[in-house]
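A quick write-up on the structure given underneath.
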Amino acid sequence: MKFTDFEFDSRLVEGIEASGYEDATPVQEQVIPFVLAGKDVIASAQTGTGKTAAFLLPLINNIISAPFDHNSITALIIVPTRELAVQIAQHMEGLSYFTSVSSIAVYGGGDGNAFVQEKKALSAGADVVVCTPGKMLSHINMGYVKLQGLKYLVLDEADRMLDMGFYDDIMRIINALPAQRQNLLFSATMPHKIRDLARKILHQPVEINISISKPNEKIVQLAYMVYDTQKIPLVKHILLAKNFDSVLVFCSSKISVKQLTRELKRTNLAVEEIHSDLEQEKREEVLMHFKSGRIKVLVATDILSRGIDIDNIGLVINYDVPHDGEDYVHRIGRTARAAAEGSAITFVSVKEQRKLAAIEKLLGKPVPKGEVPAQFGEAPAYTPNQSTFKSASKGTGKPRQFKRN
Ligand code: AMP
């Protein structure tokens with residue numbers, strides 16, 4: 001699903017594009033319409049699923065499309081740790097860059113200077129506040145925090161907050177908020193205590209469950225950092241180095257499927273392509289030949305990533321990094337089925353590094369990195385944290401952006 005399907009405000013669309021997002025992740029696809037419609041939501045979603053943008057995007061859109069009190073906090077996002085508060089505030093800044101929505105992170109452990117800055121922003125009514133519970137409560141207790149116009153409350157990583165003993169602080173904060181508001185609760189797990197909390201805070205919530213499967217332990221995973229021009233020579237090298245019986249190569253677009261197949265056909269490999277441009281009959285024929293071993297290498301779009309039943313695929317190559325963690329798990333899950341072992345190799349161009357980092361976050365561990373053989377020239381290093389956010393030269397007309405040093 002494309003972000004254009006949500007009909008977001010054009011200023012928000014600019015922020016989405018500048019952040020490099022194209023398609024919505026499953027959690028975004030499911031959560032965003034309900035938040036836009038004003039519903040309370042309880043969602044079980046882990047870090048790495050794109051859950052932050054799933055609540056930030058509709059919140060920003062709601063805030064800019066309805067009149068709101070500039071002298072009050074409009075949305076309060078409560079999170080367990082300062083790291084997460086900073087991360088979400090940065091995410092917020094990127095996505096809201098072209099809007100006039102102001103935001104600030106409020107967290108413990110800062111110096112006196114930070115406190116003064118926070119006090120100023122909270123007294124003036126920053127539009128979106130991302131906070132840790134203890135620090136926010138200290139500010140509220142001092143009486144200057146403007147909450148009269150608050151419309152949205154988000155509890156992120158709620159299970160972790162309860163594990164860290166924040167229940168009482170959270171309830172005290174909530175008691176200081178206007179009763180009429182929209183509530184969103186995100187949690188990686190849904191134990192009883194979270195359900196109890198949800199019953200106390202949420203009003204007829206929509207429940208969303210994004211369960212992420214983990215890849216089979218038998219799959220040997222490897223990722224190569226490459227420049228785009230190194231991809232084709234390296235695929236050829238891998239396919240020719242070892243005589244695999246059955247290899248599935250995934251590309252993200254039909255164009256790259258066709259281009260790569262054309263290139264591979266120049267070698268002596270038995271290669272075919274499969275994608276939605278082919279008639280059903282032709283697709284079935286190609287699949288049959290792949291299953292029978294007549295075709296050794298099949299180049300495919302994601303059309304084949306779910307549910308195809310071929311047990312003996314020895315190698316899956318991701319010619320492009322899959323869109324999200326779920327797609328990655330499905331693609332590489334085509335190998336090492338039944339009792340067989342299998343390998344999965346992912347090619348990561350410089351602009352795809354952030355996608356791989358998001359997938360690794362979801363898997364909870366890094367994908368081992370392979371060294372590109374010297375004959376292909378120097379390859380890029382893995383530096384996914386170097387932001388690719390294109391900071392634009394355009395003026396935004398932003399009246400107030402609170403930032404911490
Ligand atoms: P989160 O689960 O919110 O921690 O997000 C994980 C990572 O995915 C972050 O680095 C986000 O910037 C990135 N991300 C979120 N949504 C998208 C999207 N629709 N397309 C690409 N990357 C995304």
Side-chain angles (χ1 to χ4, degrees), residues 1-6 8 12-33 35-36 41 43-61 77-97 103 105 128 130 154-160 184-189 208-212 214 252-253 302 318 320-329 346 348-367 382-391:
M1 187 173 185
K2 297 272 174 214
F3 280 108
T4 39
D5 297 336
F6 295 119
F8 284 136
L12 182 55
V13 171
E14 272 192 87
I16 295 170
E17 284 172 0
S19 297
Y21 300 172
E22 284 167 16
D23 300 301
T25 66
V27 70
Q28 291 162 356
E29 223 174 286
Q30 293 192 48
V31 167
I32 290 172
V35 183
L36 289 176
V41 171
S44 72
Q46 295 155 316
T47 299
T49 53
K51 68 180 167 62
T52 313
F55 60 78
L56 287 182
L57 291 171
L59 282 188
I60 300 168
N61 198 70
I77 301 167
I78 311 182
V79 304
T81 62
R82 61 185 286 176
E83 289 72 25
L84 190 58
V86 171
Q87 193 184 307
I88 294 178
Q90 285 170 346
H91 216 123
M92 172 75 203
E93 237 184 89
L95 293 173
S96 66
Y97 191 83
S103 57
V128 176
V130 191
V154 181
L155 299 181
D156 192 20
E157 303 206 352
D159 49 354
R160 239 173 116 196
L184 314 174
L185 185 152
F186 289 79
S187 188
T189 57
I208 288 164
N209 204 327
I210 303 290
S211 50
I212 298 293
K214 296 275 176 188
S252 297
S253 70
D302 277 317
N318 289 314
D320 306 302
V321 178
H323 175 51
D324 56 41
E326 192 76 340
D327 282 348
Y328 179 80
V329 173
T346 302
V348 189
S349 69
V350 176
K351 64 178 189 309
E352 291 173 318
Q353 290 195 3
R354 282 212 308 186
K355 269 198 208 170
L356 182 71
I359 290 169
E360 291 179 321
K361 217 162 149 191
L362 184 86
L363 300 178
K365 54 181 169 191
V367 175
Y382 185 43
T383 52
N385 292 329
Q386 279 179 8
S387 173
T388 53
F389 179 72
K390 298 168 213 150
S391 78

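Note that ligands are numbered from 1 as they come in the structure, with each ligand's atoms numbered from 1 the same way.
- Residues meeting the side chain to side chain contact (heavy atoms under 4.5 Å, CB included) test with K365, sequence neighbours left out: E217.
- Residue I16 holds its CD1 atom at 8.0 Å from CG of N61, rounded to the nearest 0.5 Å.
- Separating the CZ atom in F6 from the CD1 atom in I32 is a distance of 4.0 Å, to the nearest 0.5 Å.
- For the pair E22 and K355, the salt-bridge criterion is not met [side-chain N within less than 4.0 Å of a carboxylate O].
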Are there any protein N or O atoms under 3.5 Å from the N or O atoms of ligand 1? List them with distances, or say none.
| residue | atom | partner | partner atom | Å |
| --- | --- | --- | --- | --- |
| ligand 1 | 2 (O) | G48 | N | 2.7 |
| ligand 1 | 2 (O) | T49 | N | 3.0 |
| ligand 1 | 2 (O) | G50 | N | 2.7 |
| ligand 1 | 2 (O) | K51 | N | 3.4 |
| ligand 1 | 3 (O) | K51 | N | 3.4 |
| ligand 1 | 3 (O) | T52 | N | 2.9 |
| ligand 1 | 3 (O) | T52 | OG1 | 2.6 |
| ligand 1 | 4 (O) | K361 | NZ | 3.3 |
| ligand 1 | 12 (O) | Y21 | OH | 2.7 |
| ligand 1 | 16 (N) | Q28 | NE2 | 2.7 |
| ligand 1 | 19 (N) | D23 | O | 2.8 |
| ligand 1 | 19 (N) | Q28 | OE1 | 3.0 |

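- Here V367 pairs with Q221, A223, Y328, L356, E360, L363 under the side chain to side chain contact (heavy atoms under 4.5 Å, CB included) rule; sequence neighbours left out.
- In terms of the salt bridge (charged side-chain N to carboxylate O under 4.0 Å, His left out) criterion, residue partners of E352 (sequence neighbours excluded) are, by chain and number, K231.
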